[in-house]
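Throughout, a chain's letter reflects where its sequence line sits, starting with A, and its residues are numbered from 1.
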Amino acid sequence: MRFLKLLPLFMLLGVYAQAQSPTYGVGRTPTEGEIRAWDISISPTGEELPQGQGTVAEGEELYLSKGCAGCHGITGTGGLAPRLLKRDVGATSNPWAFGRILPIRSPYATAVWDYINRGMPLMAEGTLTPNEVYSITAYLLYINEVIPEDKVLDNESLPKVEMPNRDTWAPLPDWWKPGLPRLVGYPY
Amino acid sequence: MTDDRKEKDKPEDLERGDRREFLKRGAALAGGLSLGAAESAIGQAPAPEPENMIMGTTELGAYGKRSRFETSVRIPHGGRPSPDAFGLDFHIAAPLQESVGVITPSSLHYVGTTRGSFVPDINPEDHRLMIHGMVDRPLIFTLEELKRLPSVTRLHFIECAGNRSNRRHKTVQETHGMTSCAEWTGVLLSTLLNEAGVQEDGDWIVAEGVEEVKGASSIPMSKAMEDCLICYGMNGEAVRPQQGYPLRLLVPGFEGILSVKWLRRIKVVDQFYMTYNDYGHLHQDSDTAALGMQIGPKSVITFPSGEQQLPGPGFYEISGLAWSGGGAVTKVEVSTDGGRNWMDAEIRGTAHRMAHTRFSFQWNWDGNECELQSRCTDELGSIQPSRAQIAEFWNQPPDQPVRVRGQDNSIQPWRIASDGSVHNAIS
């Protein structure tokens with residue numbers, strides 16, 4: 001009987017032990033180098049950004065020399081690939097009016113850097129140096145009137161760029177959990 | 001004379017395998033012999049015999065394929081070509097109008113990619129999955145190692161957030177083709193995350209593929225630990241390249257972009273990472289954000305559906321698919337009068353959680369114009385709304401087009417014209 005009373009405690013300890021140590025021992029530990037080689041994620045706060053810097057002028061040159069203009073158009077529009085220049089919608093402070101265009105819609109400039117770094121140029125993804133990515137990011141933010149022409153972007157200044165959509169998008173509400181009805185009070 | 005006839009009518013070339021010709025000649029011969037008794041002896045066959053044989057080949061013996069008479073195919077979705085001018089696959093919709101049962105054949109499963117993507121040609125022996133970030137023990141797995149771990153096999157649908165019907169769509173492939181359902185086999189993501197040991201502030205994961213663009217999505221840890229799968233199997237064989245071979249993340253019931261293909265890396269992080277995938281699916285208000293994650297109760301009639309033709313009045317089994325990101329479908333109803341009266345449909349087979357569920361309804365069409373609709377209820381008690389109900393809930397002005405917030409789970413109306421033609425009835 002005493003054993004039975006202790007059983008729930010043993011079970012709890014069992015669950016605890018399982019959560020704290022590997023159960024199957026399958027797989028191996030990657031080296032620091034392996035993690036560095038694959039970890040290209042950039043958070044909105046920019047911790048993973050590499051050292052480096054870039055300017056609008058360098059970005060403008062790279063936009064032509066790296067082939068960006070060939071697909072996205074000389075001015076950031078008019079090519080076969082998605083446009084990179086905000087739409088002319090007159091005087092508005094609503095960033096959503098400019099269209100779903102990465103260098104203007106994204107709430108964080110880190111997302112612009114991250115996408116150029118991971119996904120561009122087509123067929124040569126991952127070949128740009130950090131400085132080149134900083135420069136092209138600077139140029140695209142400049143033509144969308146997010147930063148001035150003389151702005152220098154680096155791992156410190158990039159996360160601090162005030163994107164127009166920084167506060168006009170909605171994250172998941174605090175109460176949100178999977179498996180609940182989608183919205184409190186919404187019967188559908 | 002009889003012998004002469006036999007000689008004359010003897011089929012010249014039996015080796016051709018032209019069985020129908022042989023039989024016709026045989027029937028003529030018999031008729032000649034029995035002088036008019038042929039009709040009752042052999043009769044008028046109700047359908048012709050097949051004219052051709054499919055020659056056996058080593059290839060067909062090794063891996064079969066469907067009949068050449070089956071022409072059901074996927075189509076590019078949403079007006080964007082796929083492949084596009086760059087040869088990138090973008091969005092391709094499944095032919096639900098010809099679907100039967102609940103499994104979408106792997107060759108017809110809808111396709112969606114980040115940005116548009118080339119499908120990588122991955123040697124599974126070279127593929128690795130790495131789990132790192134805010135974990136006690138970063139881990140890297142080969143495919144062989146993943147297959148040693150406890151596996152699960154589940155039916156799940158995947159649906160693209162772009163699966164939104166509008167009045168311009170003509171067929172159910174256009175209105176609803178960006179959803180598909182398969183039997184998925186793999187390891188629970190929670191098994192791997194527990195093995196790595198998630199640290200206290202690890203509230204999100206970022207899952208990333210190995211294709212050129214390295215498509216990545218952010219997923220809340222609560223969902224990652226609940227029921228997400230790392231899949232290597234699909235419909236009884238390896239996951240197809242267009243679906244993420246050799247490894248795909250599956251996030252049951254949530255927008256399809258989270259189900260990252262060609263999965264090679266999961267990073268446990270402390271915040272929403274705002275990847276390219278994430279930024280493209282942002283919402284302006286938190287209600288819509290909440291409605292955008294999980295897919296609500298949803299159903300559509302696949303027969304009869306837009307552009308199909310009923311030959312005339314009489315009996316038809318109305319057939320369709322129902323599903324919900326909130327769990328299992330518990331009820332499906334059908335209306336044949338534009339939503340005024342609703343009758344219970346029959347659920348065919350078992351209603352699995354976050355899986356397409358086949359329903360049917362026995363119907364006698366009287367030949368008059370009518371409007372067919374279906375709606376479903378899920379295990380959370382949520383019910384599929386009409387577009388009018390959505391407009392009413394959000395107090396939308398009646399003179400404006402209905403805006404469906406979040407994932408579109410609105411009722412799809414099909415109008416049957418008196419000539420039997422079927423049309424999209426979204427107004």
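Within the 3.5 Å criterion, the main-chain N or O of Val26(A) finds no donor-acceptor partner in the side chain of Arg148(B). Within the 3.5 Å criterion, the main-chain N or O of Gly280(B) finds no donor-acceptor partner in the side chain of Arg105(A). Side-chain atoms of Tyr279(B) come within 3.5 Å of backbone N or O of Leu102(A) as a donor-acceptor pair. The main-chain N or O of Gly25(A) is found under 3.5 Å from a side-chain atom of Glu195(B) such that the two form a donor-acceptor pair.
The interface of residues 201-211 of chain B with chain A, defined by heavy-atom distances below 4.5 Å, comprises Trp204(B), Val206(B), Glu208(B).
Of the atoms belonging to Ile40(A), heavy atoms from both backbone and side chain fall under 4.5 Å from chain B. With a threshold of 4.5 angstrom between heavy atoms, Ile116(A) does not approach chain B through any atom at all. With a 4.5 Å cut-off on non-hydrogen atoms, Ser41(A) touches chain B through its backbone and its side chain both. Glu48(A) touches chain B through its side chain: at least one heavy atom from C-beta onward sits under 4.5 Å away, while N, CA, C and O do not. With a 4.5 Å cut-off on non-hydrogen atoms, Leu88(B) touches chain A through its side chain but not through its backbone. Looking at Ala85(B), only its side chain comes within 4.5 Å of chain A, counting heavy atoms on both sides. Looking at Ala124(A), there are no atoms closer than 4.5 Å to chain B (heavy atoms on both sides), in backbone or side chain. Interface remark: Phe393(B) contributes side-chain atoms only to the contact with chain A (heavy atom separation under 4.5 Å). Using a 4.5 Å cut-off between heavy atoms, Pro171(A) touches chain B through its backbone atoms (N, CA, C, O) alone. For Asn165(A), the part lying under 4.5 angstrom from a heavy atom of chain B is the side chain only. Contact of Thr191(B) with chain A is made through the side chain alone, with heavy-atom distances under 4.5 Å. With a threshold of 4.5 angstrom between heavy atoms, Trp176(A) approaches chain B through side-chain atoms but not through N, CA, C or O. Using a 4.5 Å cut-off between heavy atoms, Leu139(B) contacts chain A through both its backbone and its side chain. Only the side chain of Asn409(B) comes within contact range of chain A, judged by heavy atoms closer than 4.5 Å. When heavy atoms are compared at a cutoff of 4.5 Å, Met293(B) approaches chain A solely by way of its side chain, counted from C-beta outward.
By the 6.0 Å contact criterion, OH on Tyr108(A) is enclosed, its count of non-hydrogen atoms from other residues, nucleotides or ligands being greater than 12. The number of heavy atoms from other shown groups lying within 6.0 Å of CZ (Arg100(A)) does not exceed 12. By the neighbour-count criterion of 12 heavy atoms within 6.0 Å, atom CD of Gln199(B) is densely surrounded, having more than that number from other residues, nucleotides or ligands. Heavy-atom contacts from other residues, nucleotides or ligands closer than 6.0 Å to CD of Glu47(A) number more than 12.
Counting heavy-atom pairs under 4.5 Å between each of Val184(A), Leu122(A), Thr45(A) and chain B puts Leu122(A) at the top. Among the candidates Glu145(B), Glu226(B), Lys223(B), Met130(B), the residue making the largest number of heavy-atom pairs closer than 4.5 Å to chain A is Met130(B). With respect to chain A, the highest number of heavy-atom pairs below 4.5 Å among Pro150(B), Ser218(B), Gly116(B) belongs to Pro150(B). Of all the listed residues (Pro385(B), Ser382(B), Ala289(B)), the one sharing the greatest number of non-hydrogen pairs under 4.5 Å with chain A is Pro385(B). Taking Asp84(B), Ile131(B), Asp287(B) one by one and counting their heavy-atom pairs under 4.5 Å with chain A, the maximum is reached by Asp287(B). For the options Met123(A), Glu34(A), Lys177(A), Arg28(A), heavy-atom pairs under 4.5 Å to chain B are most numerous at Arg28(A). Each of Ile42(A), Val112(A), Ile35(A), Leu80(A) has some count of heavy-atom pairs under 4.5 Å with chain B, and the biggest count is that of Ile35(A).
Between Tyr115(A) and Tyr276(B), the ring planes lie parallel to each other; the angle is under 30°, not in the 30° to 60° tilted range.
In this structure, the side chains of Asn194(B) and Tyr24(A) stay at 4.5 Å or more apart for every pair of heavy atoms. Using a 4.5 Å heavy-atom cutoff, the side chains of Pro44(A) and Gln271(B) are in contact. Inter-residue side-chain proximity for Met274(B) and Thr110(A) is flagged as unmet; no heavy-atom pair is nearer than 4.5 Å. Looking only at side-chain heavy atoms (C-beta outward), Tyr186(A) and Trp394(B) come within less than 4.5 Å of each other. Within the 4.5 Å cutoff, the side chain of Gln407(B) has heavy atoms near those of the Arg182(A) side chain. Side-chain contact between Met120(A) and Arg115(B): present, with at least one pair of heavy atoms (C-beta onward) separated by less than 4.5 Å. Residues Leu172(A) and Pro220(B) are in side-chain contact: their nearest non-hydrogen atoms beyond the backbone lie under 4.5 Å apart. With a 4.5 Å cut-off on side-chain heavy atoms, Trp96(A) and Leu282(B) count as touching.
The CH2 atom of Trp169(A) sits 11.0 Å away from atom NE2 of His283(B), with the distance rounded to the nearest 0.5 Å. Atom-to-atom distance recorded for Trp38(A):CH2 and Lys214(B):NZ is 9.5 Å, nearest 0.5 angstrom.
Closest approach of Pro181(A) and Leu380(B) over heavy atoms only: N-CD1, 3.7 Å.
Judged purely by distance below 3.5 Å, without hydrogens or angles, the side chains of Arg118(A) and Thr275(B) never pair a donor atom with an acceptor atom.
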